[in-house]
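Notes to accompany the following structure.
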2 protein chains.
Amino acid sequence: MKSDLDAIFSALADPTRRAILTMLLEDDMAVTDVAEPFDISLAAISKHLSILTRAGLISQEKRGRVKWCRLEPEAMREASVWMQGFGQFDPVDLDHFERFLERELGG
Amino acid sequence: MKSDLDAIFSALADPTRRAILTMLLEDDMAVTDVAEPFDISLAAISKHLSILTRAGLISQEKRGRVKWCRLEPEAMREASVWMQGFGQFDPVDLDHFERFLERELGG
DNA sequence: CGCATGTTCAACCACATGGTTGACGATCCG
DNA sequence: CGGATCGTCAACCATGTGGTTGAACATGCG
């Protein structure tokens, strides 16, 4: 039986999926719009989105023809809590975070 | 070029490897002792350990015949920071964490 | 209706992953 | 030296993953 953590960490292990999550930080998006910046097929994006959905990291709601994707950051809490148990990390350093964001988006 | 986050998250995606990390919270351990509670071959454990090492989550040092494994929790910081950017999670809830630990250790 | 748009499904391919076993290298000990 | 212990390596196997393409389904629009 697969733990939630399995699903969450393996969903996060792919750079395309992390980039998608980062895009969804800005706003909800339709599947086609999520796919736009990537160089892979819509079908591939659709698979990534269903992996993210299964992990609980996003939710998808169909309105008309369009399926909207919404970030569900709460799902990350479980994984975050697990990791926090391994060290007394400092409170979030936003500068640090922005550099990671840039690296994620830029690379 | 694989990001550190790729290596870290995919290392964390496996329950055997998470269990190993949890064991190493207690103390440094020899490879053979790490393997003892698991039902898989020593060679398989050795592979898991080298994946954790490549991700920077543990370090290994050979003293005599014995190779000691040490937790390197700092490596989790990068991933932790990345995740924290997705939500203003509450400060670590230790009760919550203990329940996860039990679930991890208990099977 | 009939067509374009949005999204998924199915079949397929290449490659990575987690496991096995057996041989091997290295180190300690009698 | 010779044997036991510690650990990795190599070859192999089954399964999973990320990608492709082409067909299909669902919905909105003229």
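Chain identifiers are assigned alphabetically (A, B, ...) following the order of the sequence lines, protein sequences preceding nucleic acid strands; residue numbering begins at 1 within each chain. Since the model is a prediction, treat every value here as computed from it, not as a measurement.
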Starting from [atom2] on [N], measure out to [atom1] on [X] and report it in whole angstrom.
| X | N | atom1 | atom2 | value |
| --- | --- | --- | --- | --- |
| B:Asp6 | C:dA16 | CG | C1' | 13 Å |
| B:Arg63 | D:dT5 | CZ | C1' | 17 Å |
| A:Asp14 | C:dA16 | CG | P | 14 Å |
| A:Ile20 | D:dG18 | CD1 | C1' | 12 Å |
| A:Ile51 | D:dG16 | CD1 | P | 13 Å |
| A:Glu61 | C:dG6 | CD | P | 18 Å |

(request) Say whether, by atom type as modelled, one donor and one acceptor occur between the side chain of A:Ser80 and the main chain of A:Met76 under 3.5 angstrom. (result)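 Side chain of A:Ser80 to backbone of A:Met76: no pair is present.
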
Just distance, no hydrogens or angles: give the donor-acceptor pairs under 3.5 Å from side chains in residues 44-51 of chain B, sequence neighbours left out.
residue, atom, partner, partner atom, Å
B:His48, ND1, B:Arg17, NH1, 3.1
B:Ser50, OG, B:Lys47, O, 3.1

(message) Is the phosphate of D:dG19 approached by A:His48 (side-chain N or O, under 4.0 Å from OP1 or OP2)?
(response)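 Looking at the OP1 and OP2 atoms of D:dG19, one of them is under 4.0 Å from a side-chain N or O of A:His48.
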
(request) Check whether any side-chain nitrogen or oxygen of A:Arg17 sits under 4.0 Å from OP1 or OP2 of D:dG18, and answer yes or no. (result)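 Answer yes for this pair, as a side-chain N or O of A:Arg17 is under 4.0 Å from OP1 or OP2.
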
(message) Show me the pairs that pass salt bridge (Lys or Arg N to Asp or Glu O under 4.0 Å) and involve residues 26-46 of chain B, at least two apart or across chains.
(response)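 Every pair satisfying salt bridge (Lys or Arg N to Asp or Glu O under 4.0 Å) with a residue in residues 26-46 of chain B: B:Asp28-B:Arg70.
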
(message) Going by the rule side chain to side chain contact (heavy atoms under 4.5 Å, CB included), which residues pair with A:Thr53 if we only count those two or more places apart in sequence or in a different chain?
(response)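 Once residues adjacent in sequence are excluded, the partners of A:Thr53 under the side chain to side chain contact (heavy atoms under 4.5 Å, CB included) criterion are A:Ile58, A:Gln60.
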
(request) Counting heavy atoms from C-beta on, name the nucleotide in C:dT21, D:dG19, D:dT20 closest to the side chain of A:Ser41. (result)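 Comparing C:dT21, D:dG19, D:dT20 against the side chain of A:Ser41, the answer is D:dT20.
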
(message) Please compare B:Arg54 and B:Asp39 by the position of their nearest nucleotide in DNA chain C and report the one closer to 5'.
(response)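 In this pair, the answer is B:Arg54.
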
(message) Between A:Gly64 and A:Ile40, which residue's closest nucleotide on DNA chain D lies nearer the 5′ terminus?
(response)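 The residue closer to the strand's 5' end, by nearest nucleotide, is A:Ile40.
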
(message) Run the side chain to side chain donor-acceptor pair (under 3.5 Å) test against A:Ser59 and tell me which residues pass, sequence neighbours left out.
(response)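 If we apply the side chain to side chain donor-acceptor pair (under 3.5 Å) test to A:Ser59, skipping adjacent residues, the hits are A:Glu72.
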
(request) Report the residues that fulfil side chain to side chain donor-acceptor pair (under 3.5 Å) with A:Arg54, sequence neighbours left out, ordered by chain and then residue number. (result)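 If we apply the side chain to side chain donor-acceptor pair (under 3.5 Å) test to A:Arg54, skipping adjacent residues, there are no hits.
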
(message) Rounded to the nearest 0.5 Å, what separates atom CG in B:Leu12 from atom CD1 in A:Ile8?
(response)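 The CG atom of B:Leu12 sits 12.0 Å away from the CD1 atom of A:Ile8.
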
(message) Across nucleotides 6-15 of chain D, 5' to 3', mark each nucleotide with B, S or - according to how protein heavy atoms within less than 4.0 Å reach it.
(response) SBSB-B----

